[in-house]
Amino acid sequence: MKTVLLASASLLMATTLAPAQAPVPDNLEKLSNFQSTGTTEFTYVEQDGDYAAGIRETLKGIKMPDGFRIELYAVVPDARHMAVGPQGIVTFVGTRKDKVWAVTDRNKDRVADEVKDFAPSLKFAIPNGPCFSKDGFLYIAEQNRVLVYPAAEFFYESPDVAAFNVVKQGELVPPADESYNHTARVCRIGPDGKLYISLGQPFNVAPADKLEHYKEHGIGGMIRLNTDGTGREVYTYGIRNSVGHDFHPETGELWFTDNQVDGMGDDIPPGEINRQTAAGQHFGHPWYGGGDVRTNEYAGEEVPVDVVMPAVETVAHAADLGMSFYTGKQFPAKYRNAIFSAQHGSWNRTTPVGARVMVTFIDEEGKATTEPFAEGWIDENDEYLGRPVDVAQLRDGSILVSDDLAGAIYRISYEGN
């Protein structure tokens with residue numbers, strides 16, 4: 001049996017890991033013991049029709065440098081962060097709801113042929129952040145747990161998949177700190193083979209009575225741990241809500257975006273792209289709202305930590321989210337080791353900004369400069385036509401861009417000389 005999900009406006013509204021423990025109803029225990037759950041039904045997303053045609057029409061207005069082309073790759077409801085399988089078979093797409101999507105281009109024409117839900121026998125809670133290890137293990141960071149799926153590119157064809165705990169339900173953050181705000185986790189495997197996960201803090205500005213508690217658990221920071229869940233430590237401090245990070249292909253340094261404080265006006269504080277060169281560095285929150293702009297709540301206080309200022313300041317409230325270093329060979333040489341990042345767009349600025357793809361170039365001394373790469377998702381009426389979330393690279397060197405407003409993934413390729 002199958003359920004076909006039509007793309008319409010109404011739609012868009014063998015391992016040593018820990019034994020399975022998760023809230024009922026959930027089939028994780030059965031899956032971790034390689035037992036069938038009896039689930040037979042997938043949800044499939046229609047890829048053609050009027051809805052897809054409408055997205056293609058929007059893409060005609062997207063401006064990019066000469067030689068680049070943008071096309072609809074897949075209709076994917078609520079598409080957030082992406083993880084491209086190392087074998088190039090399937091791309092897994094997280095959401096801020098209860099679905100993870102498996103996107104497959106079976107005939108390799110660079111347009112998806114099939115989009116269906118991944119592991120429908122599991123119950124997900126904000127499975128925003130998928131990431132892959134080089135050996136093909138898929139990790140998905142949810143609101144308050146992390147699961148691993150060995151051989152995900154093989155098992156995704158079945159409703160039942162091999163799945164195991166990395167961080168058990170309720171142990172990513174203390175249950176009392178679960179929030180509806182800033183809970184879109186993202187993850188990456190670092191050059192050291194460890195798992196790095198960002199933990200946004202719930203408040204606009206973290207209150208003073210929470211700071212020590214948050215510091216202990218890595219809330220408002222980034223944690224790293226072994227891929228079996230052991231060895232957890234706080235790697236990064238002083239982040240408000242980072243929803244995108246990656247490691248420089250040559251230096252191995254961690255770079256990440258950070259969303260900055262709201263309610264200070266249209267033009268301050270700036271957004272951030274940060275560069276971390278050592279474990280334990282602090283990036284300023286809550287004493288700084290973004291860049292060197294002090295928050296109103298802590299304006300009169302001496303800053304008690306050494307703060308690393310951003311490598312790049314971006315336009316205020318543009319909401320810089322997912323980012324990836326470009327390591328492909330399809331694009332011109334100047335883009336090699338540059339960062340492609342998504343600006344989701346402002347939610348409360350009087351005139352909206354963002355809703356575009358940015359590129360950040362880093363010189364030999366580590367100095368970074370950022371400029372627009374693909375834009376046009378805000379029209380002449382200041383209406384959003386799309387809201388980019390994440391950027392990922394396909395094996396052929398083209399890049400994918402997810403959009404949770406349009407419910408789509410775009411492919412950008414280079415055809416120029």
Side-chain angles (χ1 to χ4, degrees), residues 64 68-96 100-105 108 110-112 115 118 127-134 136-141 149 152-153 156 184-190 195-198 242-249 255-257 273 320-331 335-344 356-360 373-374 386-404 406-414:
M64 296 180 295
F68 286 92
R69 177 184 177 93
I70 186 167
E71 300 169 283
L72 176 63
Y73 183 75
V75 177
V76 183
D78 310 301
R80 294 281 296 183
H81 283 70
M82 301 174 287
V84 178
Q87 297 183 51
I89 296 172
V90 60
T91 296
F92 294 94
V93 185
T95 71
R96 290 181 64 187
V100 176
W101 299 105
V103 180
T104 310
D105 172 17
K108 297 303 177 183
R110 307 308 176 190
V111 178
V115 176
F118 172 64
N128 181 82
C131 61
F132 263 107
S133 64
K134 291 182 178 179
F137 282 51
L138 174 68
Y139 298 82
I140 298 179
Y149 306 85
E153 286 185 278
Y156 89 100
R185 320 294 186 199
V186 294
C187 65
R188 290 276 189 178
I189 304 294
L195 186 61
Y196 289 71
I197 302 170
S198 60
S242 176
V243 199
H245 61 271
D246 198 7
F247 296 88
H248 193 290
W255 290 68
F256 60 91
T257 61
I273 298 177
D320 300 272
L321 298 184
M323 56 160 282
S324 292
F325 279 95
Y326 184 75
T327 59
K329 297 179 180 179
Q330 183 181 123
F331 291 6
Y335 293 101
R336 184 84 172 181
N337 296 335
I339 298 170
F340 283 96
S341 59
Q343 288 188 339
H344 196 228
R356 55 189 179 175
V357 176
M358 309 295 288
V359 61
T360 300
F373 175 76
R387 302 192 73 173
V389 176
D390 192 25
V391 181
Q393 182 180 306
L394 290 177
R395 292 176 67 91
D396 71 344
S398 61
I399 61 174
L400 300 179
V401 178
S402 61
D403 180 334
D404 64 351
I409 294 176
Y410 316 121
R411 177 176 175 263
I412 296 177
S413 58
Y414 183 70

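It should be emphasised that the depicted structure is a prediction, and the values quoted were computed from it without experimental measurement.
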Any side-chain donor near an acceptor of the partner, Ser341 and Arg356, under 3.5 Å: no
Residue pair Arg188 / Ser324, side-chain heavy-atom distance below 4.5 Å: yes
Close side-chain approach of Val391 to Met323, heavy-atom, < 4.5 Å: no
Heavy-atom donor-acceptor pair, Thr104 side chain to Val90 backbone, under 3.5 Å: no
From Asp105 atom CG to Arg110 atom CZ, the distance as rounded to the nearest 0.5 Å: 6.5 Å
Full working for side-chain contact (heavy atoms from CB on, under 4.5 Å) between Ile70 and Ser413: CA-CA 7 Å; Ile70 186 167; Ser413 58; over 6 Å; no
Main-chain N/O of Thr327 paired with Arg336 side-chain donor or acceptor, under 3.5 Å: yes
Phe331: ring-ring contact (aromatic ring centres under 6.0 Å, His included) partners, not counting sequence neighbours: Phe68, Tyr326, Phe340
Derivation and outcome, side-chain contact (heavy atoms from CB on, under 4.5 Å), residues Trp101 and Thr95: CA-CA 8 Å; Trp101 299 105; Thr95 71; 3.7 Å; yes
Step-by-step side-chain contact (heavy atoms from CB on, under 4.5 Å) determination, Ile189 to Phe132: CA-CA 7 Å; Ile189 304 294; Phe132 263 107; over 6 Å; no
Side chains of Leu394 and Arg411 in contact at under 4.5 Å (non-hydrogen atoms): yes
Lys108, NZ atom: more than 12 neighbouring heavy atoms under 6.0 Å: yes
Val389 side chain near His81 side chain, heavy-atom distance below 4.5 Å: yes
Minimum side-chain heavy-atom gap Cys131-Leu195 below 4.5 Å: yes
Taking every non-hydrogen atom, the tightest pair across Val115 and Ala74: CG2-CB, 4.0 Å
Pairwise side-chain contact, Phe373 with Ile412, heavy-atom cut-off 4.5 Å (strictly under): yes
Between His344 and Asp320, a side-chain donor and acceptor under 3.5 Å: no
Test of ring centre spacing under 6.0 Å for Phe118 and Phe92: yes
Closest non-hydrogen atom pair between Ala83 and Leu138, with its separation: CB-CD1, 4.2 Å
Donor-acceptor pair, side chain of Gln330 and main chain of Asp396, under 3.5 angstrom: yes
N/O donor-acceptor pair under 3.5 Å between Thr91 side chain and Val103 backbone: no
Any donor-acceptor N/O pair, Asn128 side chain to Arg185 backbone, under 3.5 Å: yes
Any donor-acceptor N/O pair, Ser242 side chain to Thr257 backbone, under 3.5 Å: yes
Donor-acceptor contact below 3.5 Å, side chain Arg395 vs main chain Pro86: yes
Side chain Asp246, main chain Phe325, donor-acceptor under 3.5 Å: yes
Residues Asp403, Arg387; criterion salt bridge (charged side-chain N to carboxylate O under 4.0 Å, His left out); working and verdict: CA-CA 5 Å; Asp403 180 334; Arg387 302 192 73 173; over 6 Å; no
CA sep, side-chain torsions, deciding dist, call: Val111, Leu72, side-chain contact (heavy atoms from CB on, under 4.5 Å): CA-CA 7 Å; Val111 178; Leu72 176 63; over 6 Å; no
Contact summary for Cys187 and Gly129, nearest pair of heavy atoms: SG-O, 3.5 Å
Rounded distance (nearest 0.5 Å) linking atom CZ of Arg69 with atom CE of Met64: 9.0 Å
Ring center gap for His245 and Tyr196 short of 6.0 angstrom: no
